[in-house]
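What follows is a single structure, written as structure tokens, with notes after it.
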Amino acid sequence: MKRTLFILLRNPLSALGLFLVAMVVLSAVFADVIAPFPTHAGAVVDFANFNRPPEWPYIFGTDLVGRDLFSRILYAYRISLLLGVVVLVIAVPIGVTIGLVAGYLGGWTEYVLMRITDVFLSIPPLVLAMSMMGLLQPTLTNGMLAVTAMWWPWYTRLVYNLARSEKEEGYVLAAEVIGASRMHVIFREILPNCVPSIVTKMTLDLGFVILIASSLSFLGLGVQPPTPDLGSMVADGAKYLPDSWWLTVFPGLAILVAVFGFNLVGDALRDVLGGGQ
Amino acid sequence: MTALLSLDRVSKTFTQGRHEVRAVDDVSFDVRQGECLAIVGESGSGKSTIANMILGIYPPTAGTIAFKGEMLPAARTLAHRRAIQLVQQNPLSSLNPKRTVGASLRLPLDVHGLGERSARAARVGELLEEVGLPADYASRAPDALSGGQRQRVAIARALACQSDLVVLDEPTSALDVLVQARVLKLLNDLRKDRGLTYVFITHDLSVVRNIADRVAVFERGRLVELNPTETIFSDPHHPYTRRLIGAVPVVTADEVRLRDRLMENENERA
Amino acid sequence: MTAPTLLIRDLTLGFRGWAGQVDVLHGISLHIMKGERVALVGESGSGKSVTARIVLGLLQQLKTARIGGRVSFEGQDLSTLTERRRHALRGTRMSMIFQDPTSSLNPVYRIGAQFHEVLKRAEPGISQADARRKAQAALADVAIPDPARALDSYSFQLSGGMNQRVMIAMALANEPSLLIADEPGTALDVTVQAQTLSLMRDLVEKHRTSVLFISHNLGVVREFADRVYVIYKGRIVEQGRSADLFADPRHPYTRALLAAVPRITGGGIPEIDDVSDSYFAPMVVHEGCEEPGEAG
């Protein structure tokens with residue numbers, strides 16, 4: 001762990017990534033403290049200060065109903081990260097378990113599980129999410145559900161391939177000869193060897209989940225107003241370009257920073273932990 | 001002497017697409033209680049397939065394997081698994097890199113419920129000491145150990161089950177020669193002290209000469225010669241055995257003379 | 001007197017890592033005269049394979065490697081050559097045979113196409129037909145029964161022994177003056193290994209090729225090499241003619257190494273330390289085997 005951190009900090013790109021990720025996470029966690037106008041995360045109207053360009057105390061400017069953009073971005077990070085974490089917390093265990101079982105057991109189990117996975121993989125993710133949101137109510141919970149449904153198969157694919165190669169290792173044979181149960185072999189022997197790759201992918205995915213969630217919101221299918229969301233902020237502001245540029249540029253930059261940061265860290269982790277895909 | 005393990009007309013056929021490969025062809029032999037039986041052959045001889053059938057990784061296509069007079073089923077019970085243990089060739093792969101040495105050694109104790117739960121940690125330390133390693137190595141990861149030390153851990157794991165029969169699959173061929181000598185010595189001592197029975201699978205005849213009581217020579221899935229080690233090296237019956245001995249790279253003049261004598265016989269017979 | 005094919009003088013190598021520098025070679029010297037077969041024998045981690053890589057010029061461009069001392073090939077100091085010139089030497093004036101022949105050959109090209117590439121290294125304009133003719137002759141030299149068929153095959157269609165012969169033929173096709181063989185045949189069966197070694201021995205004798213033979217297997221070394229250097233933890237501990245060294249090993253490490261090899265004449269398994277301070281005793285040089293330019 002210490003060694004990993006040391007190597008990450010030595011490389012300028014991954015150090016930048018760590019810095020960006022730290023910034024995003026800290027702003028999300030301490031939004032209440034940092035935000036100059038915490039109440040602006042909700043439905044507040046302040047027509048006296050509407051549509052102001054960046055100036056003190058509104059360092060990113062204000063939106064069309066006079067809310068501080070900087071405060072709203074901090075809270076949007078909180079929602080995005082929460083969304084990302086919840087999606088991964090649900091999708092990863094499901095995907096990983098299916099991948100491990102299919103990869104280790106082989107035979108019919110493998111065939112059935114992997115064909116189901118292929119079906120999910122063959123649907124374009126955004127289309128799946130959009131149709132789900134069309135059928136259900138476009139709420140935050142349903143948004144998470146939709147994103148989760150399209151996320152687990154990627155972990156199945158990843159872990160399935162890893163498990164198939166780990167299965168050939170001597171330590172698996174050793175455990176089988178001793179008489180260890182399948183559960184033990186799958187979760188205690190094979191899984192720990194897949195963890196570096198899974199962690200790497202999760203880091204990369206946090207960025208992508210934020211991006212996908214923003215895309216959904218941009219289309220009006222994600223987080224609903226007045227809850228702040230980076231995607232809907234960009235969408236709303238786009239109508240007022242180029243005059244009110246701050247409405248789109250700052251939320252856009254915020255998305256960029258988060259996705260870029262998680263990607264840099266993910267790439268660096270892949271190199272350090274040796275979890276290639 | 002009684003047979004601990006008997007293979008009776010055992011065959012194994014693998015199907016690869018439309019091809020059928022007969023890896024082991026109608027093989028019968030006994031492994032006697034307390035002996036070290038070497039199974040010698042080159043690639044494609046079927047020696048690994050025989051090891052895998054003894055271990056129950058897959059069943060024979062035809063024939064039977066009996067252990068202590070009792071037929072071994074295709075689906076082995078826990079008791080069967082406990083009775084026959086394995087030491088693999090490459091200790092780098094046979095120990096899980098993500099688990100400590102102690103966790104790897106504890107697995108057989110937990111699976112077979114050996115000893116009181118609370119006493120198992122101490123038992124792991126004992127096992128390490130029995131193979132000449134300090135007990136506190138239990139907390140180490142395998143990659144903090146040298147190749148020889150890892151192989152000692154793998155041997156300790158095989159001992160943990162207190163089984164009668166250990167299959168040694170090329171246990172020293174991945175090791176340097178000095179380390180090999182020490183690991184062979186350990187294996188020899190353990191066998192004498194505990195009355196273990198070994199099935200020693202190898203391609204290295206010079207190792208066989210110094211550790212085995214009897215030698216079974218395999219060529220293309222068939223058992224071509226099974227004799228006491230002395231006989232194999234002084235008066236080998238099968239031409240393939242003579243060819244194998246003739247190809248061993250040797251280091252002393254005595255060995256060269258032995259090799260030349262065997263090859264001369266070969267030419268005379270030819 | 002002509003310059004030795006290969007002359008290594010006081011070669012040192014260290015790798016800079018995140019925990020400081022790790023020294024791998026502590027000043028080794030060796031030489032190979034024209035047509036000589038010289039073995040560098042040692043255990044894993046002794047530094048024998050990195051020595052081969054330095055001679056081939058493969059470690060020089062590595063940023064973390066610190067190389068000291070001198071390596072001369074046919075009288076030419078390798079460190080004065082550009083990376084391009086060093087690259088031009090590989091596969092033409094010096095070539096290499098690796099441990100596992102099957103993985104050293106590319107499975108998606110036919111043997112003939114790979115042979116053509118090898119011949120192009122020395123003669124860029126060589127025609128398809130000329131290359132094929134030369135390749136057939138080279139394969140016939142390594143006793144491959146049907147060279148034409150072998151050239152039309154892929155490496156996975158041939159046995160390990162056949163692939164090893166193809167590798168030998170390719171390595172010698174451009175008539176190199178130095179052949180570096182790193183644990184050749186270790187991945188092969190003993191009977192096949194014995195055949196390919198004697199074949200290789202005959203061929204290099206015929207072409208008067210110098211050989212640097214890297215191995216951990218003392219038996220193989222005894223049967224192949226004229227002269228032997230024993231390397232232990234980055235230091236040469238003993239050097240001499242094969243016959244002398246095997247009949248009369250003098251350094252404690254060489255003695256231990258030899259004693260540890262199980263004998264087909266029996267005698268049990270010896271009790272030997274795998275580490276000992278005596279293994280760091282000063283180098284032993286057998287009579288007439290001093291490095292050129294040193295007192296002798």
Side-chain angles (χ1 to χ4, degrees), chain B residues 40-45 132 146-149 172-189 202-212 219 229-230 232-234 236 240-259 261-263, chain C residues 41-46 48 102 159-161 185-198 215-225 228 232 242-243 245-249 253-276 279:
Chain B
V40 173
E42 297 188 294
S43 48
S45 63
S146 70
Q149 289 171 334
T172 60
S173 58
L175 303 176
D176 280 318
V177 61
L178 289 175
V179 182
Q180 164 174 285
R182 291 174 60 82
V183 170
L184 287 175
K185 191 99 200 151
L186 171 72
L187 286 171
N188 229 1
D189 293 346
T202 184
H203 69 280
D204 190 335
L205 280 156
S206 42
V207 168
V208 166
R209 176 70 180 90
N210 294 286
I211 198 161
E219 185 188 21
T229 309
E230 284 295 329
I232 291 276
F233 284 88
S234 60
Y240 181 67
T241 313
R242 286 193 288 274
R243 274 224 307 285
L244 274 181
I245 300 175
V248 177
V250 296
V251 294
T252 63
D254 285 350
E255 291 178 286
V256 175
R257 274 192 291 278
L258 170 69
R259 232 173 45 176
R261 185 172 64 75
L262 293 181
M263 291 319 277
Chain C
V41 62
E43 296 179 288
S44 52
S46 60
K48 55 189 196 305
T102 308
S159 69
T186 308
L188 300 175
D189 282 328
V190 273
T191 51
V192 183
Q193 188 187 28
Q195 283 163 9
T196 49
L197 273 179
S198 79
S215 182
H216 70 282
N217 188 325
L218 289 152
V220 167
V221 164
R222 195 191 66 88
E223 276 165 42
F224 186 84
V228 180
Y232 177 65
S242 295
L245 192 131
F246 280 93
D248 176 26
Y253 177 70
T254 317
R255 287 185 183 197
L257 214 51
L258 266 173
V261 179
R263 311 284 202 259
I264 56 166
T265 44
I269 297 144
E271 191 103 37
I272 292 168
D273 295 328
D274 52 1
V275 274
S276 158
Y279 297 167

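Computation of the quantities below employed the complete heavy-atom set of this structure, encompassing side-chain atoms and omitting hydrogens, waters and symmetry-equivalent molecules. Note on naming: letters A, B, ... go to the chains in the order of the sequence lines (proteins, then strands), and numbering restarts at 1 for each one.
- Between chain C and the options Ile211(B), Asn210(B), Val250(B), heavy-atom pairs under 4.5 Å are most frequent for Asn210(B).
- The contact between Leu258(B) and chain C is made entirely by side chain atoms (from C-beta outward), counting heavy-atom distances below 4.5 Å.
- Of the atoms belonging to Glu230(B), not a single heavy atom falls under 4.5 Å from chain C.
- Contact tally against chain B (heavy-atom pairs below 4.5 Å) for Ala247(C), Ala194(C), Gly268(C): the top residue is Gly268(C).
- Of the atoms belonging to Asp254(B), heavy atoms from both backbone and side chain fall under 4.5 Å from chain C.
- His216(C) contributes atom NE2, which lies 10.0 Å from atom CG of Leu175(B) (distance to the nearest 0.5 angstrom).
- Residue Val208(B): no heavy atom, backbone or side chain, is found under 4.5 Å from chain C.
- Ranked by non-hydrogen atom pairs under 4.5 Å with chain C, the options Ser234(B), Pro249(B), Gly246(B) are led by Pro249(B).
- Rounding to the nearest 0.5 angstrom, the gap separating the CD1 atom in Ile264(C) from the CD atom in Glu255(B) is 5.5 Å.
- Ala260(C) approaches Pro270(C) most closely through the heavy-atom pair CA-CG, 4.0 Å.
- By the ring pair (Phe, Tyr, Trp, His ring centres under 6.0 Å) test, Tyr253(C) pairs with Tyr232(C), Tyr279(C), sequence neighbours left out.
- Each of Gln193(C), Glu43(C), Arg222(C), Glu271(C) has some count of heavy-atom pairs under 4.5 Å with chain B, and the biggest count is that of Glu43(C).
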